[in-house]
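Just below is one structure, and these are the notes that go with it.
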Number of protein chains: 2
Amino acid sequence: MNTIEEVLESKDIRITAMRLLIYKFLAEKEVAVTLSDIENAFEKADRTTLYRTVKTFEDKGIVHQIDDGTGITKYALCEKGCNCEIETDLHLHFHCINCNKTICLTDHKIPQIKVPDGFVSENVNLVVKGICDKCSS
Amino acid sequence: MNTIEEVLESKDIRITAMRLLIYKFLAEKEVAVTLSDIENAFEKADRTTLYRTVKTFEDKGIVHQIDDGTGITKYALCEKGCNCEIETDLHLHFHCINCNKTICLTDHKIPQIKVPDGFVSENVNLVVKGICDKCSS
DNA sequence: AATCAACTGCAATGGAAGTGCATTTTTAGC
DNA sequence: GCTAAAAATGCACTTCCATTGCAGTTGATT
Ligand SMILES: [Mn+2]
Ligand SMILES: [Mn+2]
Ligand SMILES: [Zn+2]
Ligand SMILES: [Zn+2]
């Protein structure tokens with residue numbers, strides 16, 4: 001169990017109050033969040049700072065972007081040991097069309113996808129849309 | 001072999017000069033197009049008209065949207081007999097990170113995706129990013 | 001030809017992503 | 001501790017795309 005400080009330092013991310021708060025916010029969420037979600041949670045902070053903070057997190061490899069088809073990019077913390085940067089982010093994402101939440105299904109890996117001759121696959125984005133467990137019960 | 005007029009009428013889309021031209025434009029393209037692509041091809045027409053035309057095509061089920069992750073929605077004609085509206089659009093899409101083109105791989109079907117208990121899958125969006133056949137040769 | 005509905009064009013809006021620059025905070029060297 | 005440099009933050013502004021309201025035009029129907 002590492003502290004947040006240790007996680008950030010291990011990725012060469014300098015520690016600031018803002019970053020600790022945003023990291024904690026992301027860690028507490030079980031769903032992917034939009035920039036607006038973060039904005040609403042930290043009304044005193046400027047949107048640009050929040051934007052650049054998650055961007056830094058993403059660049060350093062502790063957050064990954066999710067395009068779930070809503071047109072609004074969402075963000076989620078990477079799992080321990082994840083390396084989205086190097087190879088494709090292997091897990092799939094679920095987007096609930098009822099509650100609009102998007103969830104990382106981190107242990108549902110994306111199957112190998114065949115592409116025609118001449119095509120070279122480098123990355124795969126797989127989003128399943130439907131009804132989540134909470135909305136279907 | 002149906003004429004464009006017959007296709008449109010069979011889907012309850014009224015025939016106008018604009019719609020015939022746009023349909024023909026889409027049919028000639030082997031890749032998915034953005035609204036700007038259409039705009040550039042029809043500079044005399046208003047962007048709104050083009051927008052609403054593809055939207056009508058989409059609502060009536062002869063065009064499907066593609067979200068390839070670039071943030072710009074693309075459009076492509078549905079194949080004959082396709083029914084994206086009813087069930088999931090089964091084929092996958094390939095987005096070339098070199099030439100920025102997005103292609104329907106209509107005979108590459110999306111494999112069955114397992115989701116956890118309680119989740120109900122209704123639709124799947126699968127985009128493969130990489131290098132297309134023309135750019136890799 | 002008249003009428004009504006659908007289509008088109010123009011203008012404006014809104015949302016989200018991104019950038020330039022000034023200010024503040026943090027770090028590091030002395 | 002003090003100072004200079006570097007990094008982070010806040011504010012203003014821009015750009016790009018999607019979308020809508022409304023007025024004018026076109027097309028279908030009688
Ligand atoms: Mn994820
Ligand atoms: Mn397609
Ligand atoms: Zn839900
Ligand atoms: Zn290409």
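Throughout, protein chains are lettered first and strands after them, A, B, ... in sequence-line order, and every chain is numbered starting at 1. Bear in mind the structure is a predicted one, so any value in this text is a computation, not a measurement. Side chains are part of it too, since the values below use all heavy atoms of this structure and drop only hydrogens, waters and symmetry mates.
Look at R47(B) and you won't find any side-chain N or O under 4.0 angstrom from OP1 or OP2 of dA11(C). Side-chain nitrogen and oxygen atoms of T16(A) include none within less than 4.0 Å of the OP1 or OP2 phosphate oxygen of dT26(C). Put simply, T73(B) has a side-chain N or O that comes within less than 4.0 Å of OP1 or OP2 on dA18(D).
Counting heavy atoms from C-beta on, the side chains of S36(B) and R47(B) come closer than 4.5 Å.
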Below 3.5 Å between N/O atoms, which protein atoms pair up with nucleotides 28-30 of chain D? Just atom names and distances, please.
none

Polar pairs (N or O, both sides) under 3.5 Å between protein and nucleotides 20-23 of chain D?
unit_1: dG21(D); atom_1: O6; unit_2: R52(B); atom_2: NH2; d: 3.1

I'd like a table of donor-acceptor pairs (distance under 3.5 Å, sequence neighbours excluded) in which one partner is a side-chain atom from residues 14-32 of chain B, with atom names and distances.
unit_1: T16(B); atom_1: OG1; unit_2: R19(B); atom_2: N; d: 3.1
unit_1: R19(B); atom_1: NH1; unit_2: R14(B); atom_2: O; d: 2.9

Throw together a table of side-chain donor-acceptor distances under 3.5 angstrom for residues 98-110 of chain A, partners on residues two or more places apart or in other chains.
unit_1: N100(A); atom_1: OD1; unit_2: H95(A); atom_2: NE2; d: 3.4
unit_1: T102(A); atom_1: OG1; unit_2: D68(A); atom_2: OD2; d: 2.5
unit_1: T102(A); atom_1: OG1; unit_2: K74(A); atom_2: NZ; d: 3.1
unit_1: T102(A); atom_1: OG1; unit_2: H95(A); atom_2: ND1; d: 3.0
unit_1: K109(A); atom_1: NZ; unit_2: T106(A); atom_2: O; d: 2.7

Considering only distance and modelled atom types, tabulate donor-acceptor pairs under 3.5 Å from the side chains of residues 130-137 of chain B, sequence neighbours left out.
unit_1: S136(B); atom_1: OG; unit_2: G118(A); atom_2: O; d: 2.6
unit_1: S136(B); atom_1: OG; unit_2: C132(B); atom_2: O; d: 3.3
unit_1: S136(B); atom_1: OG; unit_2: D133(B); atom_2: O; d: 3.3
unit_1: S137(B); atom_1: OG; unit_2: K134(B); atom_2: O; d: 3.3

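Atom CG of L50(A) is separated from atom P of dA17(C) by 12 Å (rounded to the nearest Å). Taking atom NZ of residue K44(B) and atom P of nucleotide dC10(C), one finds them 13 Å apart after rounding to whole Å. What separates CG of L8(B) from P of dA6(C) is a distance of 17 Å, to the nearest Å. Residue F57(B) contributes atom CZ, which lies 17 Å from atom P of dA6(C) at whole-angstrom precision. The CG atom of D12(A) sits 15 Å away from the C1' atom of dA6(D) (whole-angstrom rounding). Distance NZ (K60(A)) to C1' (dA8(D)): 13 Å, rounded to an integer number of Å. Residue I66(A) contributes atom CD1, which lies 17 Å from atom C1' of dA16(C) at whole-angstrom precision.
The stretch residues 17-35 of chain A touches DNA chain D through M18(A), R19(A), each having a heavy atom within less than 4.0 Å of the strand.
Considering only side-chain atoms of T49(B), the nucleotide from dT8(C), dG10(D), dA16(C) that sits closest is dT8(C).
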